[in-house]
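Note sheet for the following structure.
In the text below, chain A, chain B and the rest are named by the order of the sequence lines, each starting its count at 1.
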Amino acid sequence: MLDRKLLQRDPAGVARALALRGSPVDVVEFTVLDGRRRALLVEIEGLKSERNAVSAEVAAHKRAGKDASPLIERMGIVNARIRELDQALDAVQAEERAWILSVPNMPHASVPVGRDERDNPVIRAWGEPPRFPFAPKEHWELGESLKGLDFGRGAKLAGSRFVVCRHWAARLERALANFFLDVHTREHGYTEMLTPLMVNRETMTGTGQLPKFADDLFKLENWDYFLIPTAEVPLTNLHAAEILEEKELPLAYAAQTPCFRSEAGSYGKDTKGLIRMHQFTKVEMVRLSHPERSYEELEIMRGHAEALLQRLELPHRVVALCTGDMGFAAAKTYDIEVWLPGQNCYREISSCSNCGDFQARRANLRFRPAGGGKPEYLHTLNGSGLPVGRTLVAILENGQREDGGVAIPEALRPYMDGLKAIEPD
RNA sequence: GGAGAGGUAGCGAAGAUGGCCGUAACGCGCCCGACUCGAAAUCGGGUUACCGGUUAGUCCCGGUACGUGGGUUCGAAUCCCACCCUCUCCGCCA
C-alpha cells in the first residue's frame, strides 16, 4: 500500500514512478476519492461534535431534573444527517481502499528502468558453466531414469504439475531443506519458524497476494482460508498490527514450507519437469528491517541465498530486475539464476526483494524509535533461500555423468549418509 | 459438537443500575526529575493509537477506537443480535 500522504502531496510524482513499471495507474481517481472522503469527514465530524455537546447538555438537564425534550428533538434531525453522511463516507472509504490495495509498489530510485526481463542487467556471475563431452540431459530424464522422480504417478494422484519423489530424490529434498535451514540458522542469524500453511484473507492481503491475485492461489472450499504460495506470507505477517521496539530490529526468520500455486496463466510453460509445480518445498528468508538499513539488508540477504549455491558449487548469476519486471509488492528485486546445462540457460532460482514500507502499511507493521516518539513503519524483505525442487534440478543437471549417474555436491553428503553419487542401475 | 467463563493502555486489572469513565481508578513496567559520590529504596511528574482541521511545530482543536460487525438510544465499555478469539469441563479425534 502506498503512502496516502504522498499520494495527496505529489500524485504526479507517484504516477510517474508507477508508469515505469509499465502498468499506468490513474492517480486522479485517488485524488477525487480522497478529496470526497476528507470533505465528508469535515462535515461529519462537525455534526458529531455538536451531538456530543448536546448529549452532555441533555445529561446536565436530566441531572438537574429539567426537561430535555427540545434538545433531544433537535438531535433527531442532526442524527438523520449523520447517518446519511456516514453511509456516503463508508462507500467512499471502501472505494478508496480498493483502489489503494490494487496499486503496486513504486520502484526504488536504484532500480534500472526497463520494459521486461530482457532489460534486466546482469550484476555478476559466479562459477563456470560445466562443459560436457556428451549432450547433457534435462533433469526429468535423469530423475526418471534414476527412478527418483515419478511424474506419472504424481499426475495419477493429483494431476499435472505434481510429482512423486522416490528414494534418493525424497531423501535429497529432505537433505536440501535441512542444509539450507542449518546454514541460515547457524551462520546467517535467522530464527527458524514453523507456521500455518493456510492463512486467512487478512494475512494474504497484508503481503499483497489479495485482493488482486486471488487466481494464483488455492482457496479452501467452505473456509475462508488460502494455501500459502510462499512462507513469505506467514513470516511477513507474523508481527502484523504490532509495535516492535527499535532494538528488536532487524528480525530475521527462515521457514521451510510447502508452497501452493495455481499457476493460472502459465499454460504450456515448463510443462515438463520440476520447474513449475502446484506444490513445491521452499526455504524462505524474511527480514523486518529498520527503514534506513533495508537496502543494505537486501544485499546481505541476497548474499545468503548466493552462499547456498556456492556451497553446492552451482554456477549462477545475479540480475537486477528492471522496473517493468518487478513483482507487485517489491521496491527492488534481485533474481539469482542458476545454470541448467540440460536447458542450456540460466533459470531463476531465487528472488530477493525489498518491499520497503509497502507491505508494512498493509499489515500494519511498525516499530517505536529508540528515543520514544511516534511508531514508524518498518521495511520488509523476502528472499528464497532456496526452493528445494529447483535446486534439485540444478544438482541433477550440473552433476550429471555420461552414464546417467549424478554426483552429489560435497556439502550435501553429510545429509545423504555420505553418498557421493546417485548411480544408475 | 455441547456447557460455562472471559476479551478494556506495554502487562495485570477496576468500571457492567446507560450520561461528570477513556489520554481509562489501582498495581507493575517504561521515561524525566529530586535525593545520592553513584546506585537501590523513597518522593514528584510524565507515558495509547489512528483520522481530519490547523500549523514553523512532535503545539492546539475536532472526530474515532473497550475482540469484530450490526442494532436500540439524544447519549453505549455498560442493553440487544451475529460472528471471531482465549481459557475450563464434556464429547470426538492423530
Does A/Arg37 place a side-chain N or O at less than 4.0 Å from the phosphate oxygens OP1/OP2 of B/G52? yes
One should report the stems of RNA chain B, each a stretch of at least three consecutive Watson-Crick or G-U pairs at distances under 3.5 Å, as B:1-7 with B:84-90, B:10-12 with B:26-28, B:29-34 with B:42-47, B:48-53 with B:60-65, B:67-71 with B:79-83
Salt bridge present between A/Arg37 and A/Glu95 (N-O < 4.0 angstrom): no
For nucleotides B/C35 and B/A41, find the distance between their C1' atoms and express it as a whole number of Å. 11 Å
Short N/O separations, protein against nucleotides 48-50 of chain B, under 3.5 angstrom:
from: B/A49; atom 1: OP1; to: A/Arg368; atom 2: NH1; distance (Å): 3.1
from: B/A49; atom 1: O3'; to: A/Arg366; atom 2: NH1; distance (Å): 3.1
from: B/C50; atom 1: OP1; to: A/Arg366; atom 2: NH1; distance (Å): 3.2
from: B/C50; atom 1: OP2; to: A/Lys374; atom 2: NZ; distance (Å): 3.2

Which residue pairs pass the side chain to side chain donor-acceptor pair (under 3.5 Å) test when at least one of the two sits in residues 220-229 of chain A, sequence neighbours left out? A/Arg201-A/Asp224
Closer than 4.0 Å, any side-chain N/O of A/Lys48 to the OP1 or OP2 of B/C51? no
Can you tell me the distance, in whole Å, between the CD atom of A/Glu73 and the C1' atom of B/G75? 17 Å
State whether A/Glu50 and A/Arg74 are salt-bridged, where the test is any N-O pair (Lys NZ or Arg NE/NH1/NH2 against Asp/Glu carboxylate O) under 4.0 Å. yes
Quick note, A/Ser49 side chain, CB onward, closest among B/C74, B/G62, B/G52 is B/G62
A/Asp182/A/Arg186 salt bridge by N-O under 4.0 Å criterion: yes
Base, sugar-phosphate alone, or nothing: which one does A/Val58 contact when heavy atoms must sit under 4.0 Å apart? base
Please determine whether any donor N or O and acceptor N or O are separated by less than 3.5 Å between the side chain of A/Glu45 and the base of B/G63. no
